[in-house]
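Written below as C-alpha cells is the structure these notes are about.
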Protein chains: 2
Amino acid sequence: MSLELTPVEAVACCPPLAREPLSESEAEGIAPLLKALADPVRLRLMSMVASHEGGEACVCDLNDAFELSQPTISHHLKVLHEAGLLDREKRGVWVYYRARTGALQNLAALIGGQAQ
Amino acid sequence: MSLELTPVEAVACCPPLAREPLSESEAEGIAPLLKALADPVRLRLMSMVASHEGGEACVCDLNDAFELSQPTISHHLKVLHEAGLLDREKRGVWVYYRARTGALQNLAALIGGQAQ
DNA sequence: CAAAGACATAGACACACGTAAATATTTACA
DNA sequence: TGTAAATATTTACGTGTGTCTATGTCTTTG
C-alpha cells in the first residue's frame, strides 16, 4: 500500500473550487491531474478513448489519428495512465486503454460545482 | 472584433469529451484553459477568488496567502485573466479579481458531461 | 508637487515538457 | 525457433514555465 495518492484519488477529496479555498496540499494533489489533461494531444486521446464504444480503444487506432511518432503517442498515453485517467490492459499483441469516467466526473464536480 | 477566441470562449463550443472525439482545433482551443488551471498556485488563487464573498477578491488579500513574491502572484493572476477565468477591475489603488463561474461550469460540462 | 503604497512589467535563470530517433520488449505465427 | 508486428523505453534536444530581482506605472495623500 502507498501513502502517495494518485491525482485521481486526490481529486475526490475536496469540495468544489467555489465553495472554499483549496489548501496547499489539496492543490498540489489536483494540479497534476489537470496538467495531464492540459495538452491538445492528450485531450484528444482522452476524448477518443472515452467516446469510443465500450469506453476503450486500441493503441493501434489511436496512433493513426495523429501525425506524430508512435513513441510520442505512447508517451502521452503513459502520462494519462499515470495520472489515473486511463486504465491499461494488454490483450494479445494489442494494448487497450479505458477511460476512467469516474475520475473525469470527480474533476468536473471540483471545477464546476456550485458554491452551495 | 477578433477572430481569435479566448480559451473560455473555445470551451463553450464542444460536446463533452466522452460524447465524441475532440477535433484538433477544438483541443487546441481548450488546452490553454486547462493549462491555466493546472498549477497549484493558480488553482488556489482561483479557488480563493471564487469562494470569496461576492466572488471577488483584492490582490492585497491574495498576496498574503502565499510565501511567494508579489510579482509571481501578479503573473499567475495574469495567466488566469488572459485565459478568461478571472475578470479584473481596478478600484482606487486596489485591483479586484472576479471569478467567471460560467467559464468554470462550461469546462466542467466538457470534462464530466455524460456520453448521452 | 513629492512621497508612499499597490500592482504590473521586464529580464534572467533553472527546470520541466513535447517531440523524435534509436532501441528494447513482448506476442503471434510460420 | 525465428521473424514480423505492436507497443514501450531510452536518450537527446529545443522550447516553455515558474520564480525571483529590479524597475515602472498609477493613485492617493500630505
Side-chain angles (χ1 to χ4, degrees), chain A residues 7 22 24-25 27-49 52 56-83 85-98, chain B residues 7 22 24-25 27-49 52 56-83 85-98:
Chain A
L22 238 44
E24 184 174 355
S25 62
E28 284 172 352
I30 296 164
L33 186 60
L34 286 161
K35 221 174 210 176
L37 273 182
D39 175 272
V41 174
R42 289 197 291 268
L43 256 187
R44 289 183 69 198
L45 283 170
M46 194 70 206
S47 175
M48 291 173 72
V49 173
H52 203 268
E56 71 173 16
C58 173
V59 174
C60 52
D61 298 326
L62 302 173
N63 276 325
D64 298 345
F66 297 86
E67 293 187 349
L68 290 170
S69 69
Q70 174 266 320
T72 295
I73 299 301
S74 184
H75 161 71
H76 284 304
L77 289 170
K78 184 181 185 181
V79 171
L80 290 168
H81 174 60
E82 288 182 340
L85 289 167
L86 289 181
D87 277 333
R88 188 178 179 280
E89 188 184 352
K90 188 161 189 175
R91 297 210 284 270
V93 187
W94 296 280
V95 172
Y96 290 80
Y97 282 91
R98 171 176 296 272
Chain B
L22 237 44
E24 182 174 356
S25 62
E28 285 172 351
I30 295 164
L33 186 60
L34 286 161
K35 225 172 205 176
L37 274 182
D39 175 273
V41 174
R42 290 198 290 270
L43 257 185
R44 290 182 68 196
L45 283 169
M46 195 67 206
S47 176
M48 291 173 72
V49 173
H52 202 268
E56 71 174 17
C58 174
V59 175
C60 53
D61 297 325
L62 302 173
N63 274 326
D64 299 345
F66 297 86
E67 292 186 351
L68 291 171
S69 69
Q70 173 266 319
T72 294
I73 299 301
S74 184
H75 161 72
H76 286 303
L77 289 170
K78 184 182 185 180
V79 171
L80 290 168
H81 175 60
E82 288 181 342
L85 289 166
L86 289 181
D87 279 333
R88 187 179 178 281
E89 188 185 351
K90 186 163 189 173
R91 297 208 285 271
V93 188
W94 296 281
V95 172
Y96 291 80
Y97 282 91
R98 172 175 295 272

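So that the names make sense, note that chain A is the first sequence line, chain B the second, and so on, each numbered from 1.
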Minimum side-chain heavy-atom gap A:Met46-A:Leu37 below 4.5 Å: yes
When the distance from CD of A:Glu82 to P of D:dT9 is rounded to whole Å, what number comes out? 8 Å
Using a 4.0 Å heavy-atom cut-off, does B:His76 contact any base of the nucleic acid, only the sugar-phosphate backbone, or nothing at all? sugar-phosphate
Give one of base, sugar-phosphate or nothing for A:Arg91, where a contact means two heavy atoms less than 4.0 Å apart. nothing
Less than 4.0 angstrom between a side-chain N/O of B:Arg88 and OP1 or OP2 of C:dA8, yes or no? yes
Non-hydrogen side-chain atoms of A:Val95 and A:Glu89 separated by less than 4.5 Å: no
Counting only non-hydrogen atoms, which of residues 63-74 of chain B are less than 4.0 Å from DNA chain D? B:Leu68, B:Ser69, B:Pro71, B:Thr72
Heavy atoms within less than 4.0 Å of DNA chain C: which residues of residues 34-43 of chain B have one? Give them sorted by number. none
Is there side-chain contact between B:Val41 and B:Phe66, with heavy atoms separated by less than 4.5 Å? yes
A:Arg91 vs A:Glu56, salt bridge (Lys or Arg N to Asp or Glu O under 4.0 Å): CA-CA, chis, key distance, verdict: CA-CA 12 Å; A:Arg91 297 210 284 270; A:Glu56 71 173 16; 2.6 Å; yes
Looking at A:His76 and A:Arg42, what are the two nearest heavy atoms and their distance? ND1-NH1, 3.0 Å
Sorted by position of nearest nucleotide on DNA chain C, 5' first, the leading residue of A:Gly92 and A:His75 is A:His75
Any base atoms under 4.0 Å from A:Tyr97, or only sugar-phosphate, or nothing? Heavy atoms, all strands. sugar-phosphate
Measuring from the side chain of A:Val95 (C-beta onward, heavy atoms only), which nucleotide among C:dC7, C:dA8, D:dT7 has the closest atom? D:dT7
Side chains of A:Thr72 and A:Ser69 in contact at under 4.5 Å (non-hydrogen atoms): yes
Here the pair of heavy atoms bringing A:Arg44 nearest to A:Ala65 is NH2-O, 3.8 Å
Rounded to the nearest Å, what distance is computed from the CD atom of residue B:Glu28 to the P atom of nucleotide C:dG18? 14 Å
Looking only at the side chains, is there a donor atom on one of A:Arg88 and A:His81 sitting less than 3.5 Å from an acceptor on the other? no
May I ask you to verify if any side-chain N or O of B:Lys78 is less than 4.0 angstrom from the OP1 or OP2 atom of C:dA8? no
Below 4.5 Å, heavy atoms only, C-beta onward: do A:Cys58 and A:Asp61 meet side chain to side chain? yes
